[in-house]
Amino acid sequence: MIESRGVATVAIGLVRPHIEKTRSPRGVWVPFPLGRPFGEPDDKAFQRRVLMQALALLERPQGPVLLEDFPDDAPSMKDRADWEPQVVLPPLQTPTLADSAAWIAGMGAELTSVAPHWEAAKHRFGHTNVGLSRVGMDAWAPYLATFLRGEIPESPVASLSPALVARYIADDMKAFYMEAVQAIGQQPSGLQVNRWFWDGTLAAELLRALRTAALNSENNGFKTAGSRFIVPAPFVAKA
Amino acid sequence: MARLEDIPQATREVVLALAMPELPGQPWVQPKPLAQCRIAILTSAALHRRSEMPFAAGTAEFRELPASLAASEIAMSHISINYDRVGYARDINVAYPIDRLKELAGEGGIGSVAATHYSVMGSTDPATMAESADGITARLKQEGVDAVILAPV
């Protein structure tokens, strides 16, 4: 769409059938997980190889369709055998759906134990994605617990619906934990971090409970956001 | 993904069922030699300034990302929950390689890095995005950008 308007382009493609079908004038298909078009975090040389293979296509005179494959997997696509999560969590006790006090107390304790790691991760990596909801950490569980009781809370953010705030709190929670657990040590695979979160934290149980509440809700906004945009399909059931 | 067989089944089915546009014609613009090119990034990761509101689902808008924007000032609000964010949590360059581009420019591998880069919501139907494509292209030309890297998530 950009090239037909007069500016040269080169596309990175994660899904080969897509890049084949859209017939980008220049493209490099990469074998990395969705979300990682340049392959390997914290590896300048690797990212640069992907970038250079793409940029080199701009020097080629022939067209109109050039499609190459990047030859190598990224190292962190494999689990790191010696990776151990350094976050020590309180013992996991999952409350019943409507027991708001237990959710709030349990989440309070868990967030307190994760918070120092998240601070360290923010310092180590120089950024955080926590903050989309504009709701402070202390208010996450009380707000979500309202949905678990079958009620729809008032949105605390003027331009966002109650369901959207819930969705962004879920995003914030996932980012908070998945950043925190990477604060120390070498790089785990994406799947290792996801398994740690979805298989062992009360936060994950809270998000699963939120999904269940959404499926049973008569509020269409919450039903959609809560059932489809909170828990990824591979983690709907606990391992 | 990515290798298709590595994608969880539910996501794979959705991804493969997407109606990808078959764009008319076969456009081809020959840029300058790479060492003279001014390069911009267009990411579909729904990146924006942290101070801005998230991208809404289905939005056809685009946002501008100044090259000088620090990682600590960038947020990602893509609607999909079915792609990896763990790598991005460590290093934004795995999705938005702005630092790599700056290094290449410093070494003379490319001419220069555009002052402004662009971000859209990748799950939006491309058929609705002509106006954004017009807007982005106009800005690219105004800034003298010679080529754009299209980076999905």
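Small disclaimer: the values here were computed from a predicted structure and weren't measured. A, B, ... follow the sequence lines: proteins, then strands. Residue 1 opens every chain. Only this structure's heavy atoms are used, side chains among them; waters, hydrogens and symmetry mates stay out.
With chain A as the partner, the residue from B/Asp84, B/Asp134, B/Asn93 showing the most heavy-atom pairs under 4.5 Å is B/Asp84. Among B/Ile92, B/Ile39, B/Ile136, B/Val29, the residue with the largest count of heavy-atom pairs under 4.5 Å with chain A is B/Val29. With chain A as the partner, the residue from B/Ala10, B/Ala151, B/Pro126, B/Ala71 showing the most heavy-atom pairs under 4.5 Å is B/Ala71. Among B/Ala133, B/Gly122, B/Ser72, the residue with the largest count of heavy-atom pairs under 4.5 Å with chain A is B/Ala133. Highest contact tally toward chain A, considering only B/Arg100, B/Met129, B/Arg90, is held by B/Arg90 [criterion: heavy-atom pairs under 4.5 Å]. When A/Gly6, A/Gly39, A/Pro234, A/Gly131 are compared by the number of non-hydrogen pairs under 4.5 Å with chain B, A/Gly6 comes out ahead. Counting heavy-atom pairs under 4.5 Å between each of A/Glu179, A/Arg134, A/Arg228 and chain B puts A/Arg134 at the top. Highest contact tally toward chain A, considering only B/Leu16, B/Leu34, B/Val145, is held by B/Leu34 [criterion: heavy-atom pairs under 4.5 Å]. For chain B, the option among A/Pro188, A/Gly126, A/Ala175 with the highest count of heavy-atom pairs below 4.5 Å is A/Gly126. Most heavy-atom pairs under 4.5 Å with chain B: of the set A/Val181, A/Val193, A/Val231, A/Leu58, this distinction falls to A/Leu58.
Using a distance-only test at 3.5 Å, with no hydrogens or angles considered, a donor-acceptor pair links the side chain of B/Arg50 to the main chain of A/Val130. In this structure, the side chain of A/Arg167 engages the main chain of B/Ile79 through a donor-acceptor pair within 3.5 Å. Side-chain atoms of A/His127 never come within 3.5 Å of backbone atoms of B/Glu73 as a donor-acceptor pair (strictly under, hydrogens ignored). Between the side chain of A/Gln182 and the backbone N or O of B/Ala89 there is no donor-acceptor pair closer than 3.5 Å. Formation of a donor-acceptor pair under 3.5 Å by the B/Lys141 side chain with backbone atoms of A/Arg5 is found in this model.
Atom NZ of A/Lys21 and atom CG of B/Leu18 lie 10.0 Å apart (nearest 0.5 Å).
Between A/Leu66 and B/Trp28 the shortest side-chain heavy-atom distance falls below 4.5 Å. Here the side chains of B/Asn82 and A/Leu34 are not in contact, with every heavy-atom distance at 4.5 Å or above. Within the 4.5 Å cutoff, the side chain of B/Arg85 has no heavy atoms near those of the A/Met178 side chain. Looking only at side-chain heavy atoms (C-beta outward), A/Pro25 and B/Gln26 stay at 4.5 Å or farther from each other. Side-chain contact check for B/Leu150 versus A/Val10: every heavy-atom pair is 4.5 Å or farther apart. The shortest distance between side-chain heavy atoms of A/Met1 and B/Thr137 does not fall below 4.5 Å. Looking at heavy atoms from C-beta onward, B/Asp6 lies out of side-chain contact with A/Pro33 at the 4.5 angstrom threshold. Using a 4.5 Å heavy-atom cutoff, the side chains of A/Arg36 and B/Val86 are in contact.
Contacts of B/Gln36 with chain A are absent, with no heavy-atom separation under 4.5 Å from either backbone or side chain. Only the backbone of A/Gln62 comes within less than 4.5 Å of a heavy atom of chain B; no side-chain atom from C-beta onward does. Using a 4.5 Å cut-off between heavy atoms, A/Ile230 contacts chain B through its backbone alone, with no side-chain atom that close. For a residue to count as touching a neighbouring chain, one of its non-hydrogen atoms must lie under 4.5 Å from one of that chain's; by this rule A/Val157 touches chain B with the side chain only. Contact of A/Leu132 with chain B is made through backbone and side chain together, with heavy-atom distances under 4.5 Å. Contact of A/Lys122 with chain B is not made at all, since no heavy-atom distance falls under 4.5 Å. B/Ala130 touches chain A through backbone and side chain together, each having a heavy atom under 4.5 Å away. With a 4.5 angstrom heavy-atom cutoff, B/Leu42 touches chain A only via side-chain atoms. Contact annotation for B/Ser132: neither backbone nor side-chain heavy atoms come within less than 4.5 Å of a heavy atom of chain A. Within the 4.5 angstrom heavy-atom criterion, only side-chain atoms of B/Leu140, from C-beta onward, approach chain A. Of the atoms belonging to B/Ala45, not a single heavy atom falls under 4.5 Å from chain A. With a 4.5 Å cut-off on non-hydrogen atoms, B/Phe55 touches chain A through its backbone but not through its side chain. Looking at A/Phe46, there are no atoms closer than 4.5 Å to chain B (heavy atoms on both sides), in backbone or side chain. In this structure, no portion of A/Ser76 lies under 4.5 Å from any heavy atom of chain B. Looking at A/Ala233, both its backbone and its side chain come within 4.5 Å of chain B, counting heavy atoms on both sides. Using a 4.5 Å cut-off between heavy atoms, B/Ile74 touches chain A through its backbone atoms (N, CA, C, O) alone.
Counting heavy-atom neighbours within 6.0 Å of B/Arg63 CZ, excluding the residue itself, gives a total above 12. Remark: B/Lys102 NZ is packed, more than 12 non-hydrogen atoms of other residues, nucleotides or ligands lying under 6.0 Å away. Counted within 6.0 Å of NZ on A/Lys44, heavy atoms from surrounding residues, nucleotides or ligands total 12 or fewer; the atom is thus considered open. Within 6.0 Å of CD in B/Gln30 there are more than 12 heavy atoms belonging to other residues, nucleotides or ligands. For A/Arg23, the CZ atom is loosely surrounded, since the number of other residues' heavy atoms within 6.0 Å does not exceed 12. Within 6.0 Å of CD on B/Gln9 lie no more than 12 heavy atoms contributed by other residues, nucleotides or ligands.
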Is there a salt bridge (charged side-chain N to carboxylate O under 4.0 Å, His left out) between A/Glu59 and B/Lys32 once you walk through the steps?
CA-CA 8 Å; A/Glu59 298 228 287; B/Lys32 297 172 187 165; over 6 Å; no
Given B/Leu4 and A/Val15, is the side chain to side chain contact (heavy atoms under 4.5 Å, CB included) satisfied, shown in steps?
CA-CA 7 Å; B/Leu4 288 171; A/Val15 180; 4.2 Å; yes
Take B/Tyr88 and A/Asn129 through the side chain to side chain contact (heavy atoms under 4.5 Å, CB included) test and state the conclusion after the steps.
CA-CA 9 Å; B/Tyr88 176 89; A/Asn129 212 53; 4.1 Å; yes
Assess the residue pair B/Asp91 and A/Phe38 against the criterion (side chain to side chain contact (heavy atoms under 4.5 Å, CB included)); give the C-alpha distance rounded to whole Å, side-chain angles, the decisive distance to 0.1 Å, and a yes or no.
CA-CA 11 Å; B/Asp91 179 4; A/Phe38 294 89; over 6 Å; no
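Neither side chain, A/Gln47 nor B/Asp99, offers a donor N or O lying under 3.5 Å from an acceptor on the other.
Across every non-hydrogen atom of A/Gly35 and B/Tyr83, the tightest pair is CA-CD1, 3.5 Å. Contact between B/Val153 and A/Pro37 at its shortest, heavy atoms only, is CG1-CD, 4.4 Å.
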